[in-house]
Amino acid sequence: MPSNKQMNGQPRPNNTLDQYELPPARKDKQRLRIAWRKSWQEDGFLYQRWEDVFQARHAGWHEIATWIKAAALFAGLSLIVMMVDTAGNIASATLKGLSGAPATGAGDGSGLWGTVDHPIRMFLADQAAHLSVAPAALYAFWQLTGLLGLIGGFLGNAGARIAWLLFGTGSLAMIWSAAPAGGRAAATGLAALMWALASTFALRGLTLRPIVHNHPPQYQFNPALHLHATIPAPTPAGDDLGPGNVHPLQR
């Protein structure tokens, strides 16, 4: 007769609660199920994270969980990087389309940008012949003035906005003076449109409407009762006689 612990060459369970050993694959699945259920219990990891997300809808920035703040900042930075990269590609394609052909060292008059840039280069080169300054230095100073005026005006600096206005009007005057007679009006008008579009950034927030501060008067009423009491003058020392009294020596 086989022993109680052996049956057909296999170990026999001691009681009905004993089970045979599960295969490794089934063990892993069972462990995953147990871990999943424990994580959704009241003190589980996933339960706590879900509570953080649920409470974040009604909490302020300082009360939100740290991991939610980190995820939001990471997502925001990623979105900014994508937007900057996309804006760079769009700006590069736009500038290539405006320029038409690559500009040479003396400036190329082809393309929309060349129509505006070439007269300015010609005007500065013609004026530099009467000055002790190289044309390249004048052109670089003109570019630097426009760049600082654009950036400073966007940041709200009053001086930079004044420089931007002078830069635009001076550029229009140079284009009108140096552009060919047949296309002078078109070149100046095109430059004015470009300057107006750029002014939406340089003059951001500037308004010509007067700002009126209407503050209603603040009246304060403080009732007070003033009583004027007359205090009798004090009698001299040693004079205790009243109007009806007579000194003993006068009797």
Side-chain angles (χ1 to χ4, degrees), residues 60-62 69-125 127-128 133-179 184-214:
W61 177 256
H62 297 286
K69 296 180 183 179
L73 291 176
F74 179 77
L77 291 176
S78 301
L79 181 61
I80 291 174
V81 171
M82 293 175 60
M83 292 176 64
V84 169
D85 182 65
T86 305
N89 295 334
I90 294 175
S92 177
T94 303
L95 290 177
K96 288 181 179 178
L98 291 176
S99 61
T104 60
D108 193 351
S110 62
L112 294 178
W113 177 250
T115 304
V116 175
D117 182 69
H118 186 64
I120 294 177
R121 287 178 181 268
M122 292 178 58
F123 180 86
L124 293 177
Q127 295 296 318
V133 182
L138 288 178
Y139 183 75
F141 180 74
W142 175 78
Q143 288 183 317
L144 180 63
T145 304
L147 181 61
L148 294 180
L150 180 62
I151 297 175
F154 181 80
L155 298 177
N157 185 272
R161 289 181 173 179
I162 294 174
W164 174 257
L165 294 176
L166 295 177
F167 168 80
T169 53
S171 299
L172 294 178
M174 288 188 288
I175 294 172
W176 178 266
S177 176
R184 179 176 299 169
T188 306
L190 180 62
L193 290 176
M194 290 184 177
W195 181 46
L197 291 176
S199 297
T200 58
F201 297 94
L203 305 180
R204 179 182 62 91
L206 182 64
T207 178
L208 300 178
R209 181 179 301 174
I211 300 176
V212 180
H213 299 281
N214 294 323

Subject >> Leu172 and Trp176, any side-chain heavy atoms less than 4.5 Å apart >> reply: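 No, every pair of side-chain atoms sits at 4.5 Å or beyond.
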
Original post:
Less than 4.5 Å apart, any side-chain heavy atom of Leu165 and any of Thr169?
Top reply: no

If you look at every heavy atom in [X] and [Y], which pair is closest and at what distance?
X      : Y      : answer
Gly114 : Pro119 : O-CD, 3.9 Å
Gly159 : Asn157 : N-OD1, 3.0 Å
Pro135 : Ala125 : CB-CA, 4.0 Å
Ala160 : Gly153 : CB-N, 3.5 Å
Val116 : Ala187 : CG2-O, 4.5 Å
Ser199 : Trp164 : OG-NE1, 3.0 Å

Subject >> Donor-acceptor pair, side chain of Thr188 and main chain of Arg184, under 3.5 angstrom >> reply: yes

Original post:
So, does Arg161 use its side chain to make a donor-acceptor pair with the main chain of Arg204 at under 3.5 Å?
Top reply: yes

Once you round to the nearest 0.5 Å, how far does [atom1] of [X] lie from [atom2] of [Y]?
X      : Y      : atom1 : atom2 : answer
Leu150 : Leu155 : CG    : CG    : 9.5 Å
Gln127 : Met174 : CD    : CE    : 9.5 Å
Met194 : Ile175 : CE    : CD1   : 9.0 Å
Tyr139 : Leu144 : OH    : CG    : 12.5 Å

Original post:
With a 6.0 Å cut-off on ring centres, are Trp195 and Phe167 close enough?
Top reply: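 Trp195 vs Phe167: aromatic centres not under 6.0 Å.
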
Subject >> Ser171-Trp142 side chain donor-acceptor pair, cut-off 3.5 Å >> reply: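 The criterion, which ignores hydrogens and geometry beyond distance, is satisfied for Trp142 and Ser171.
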
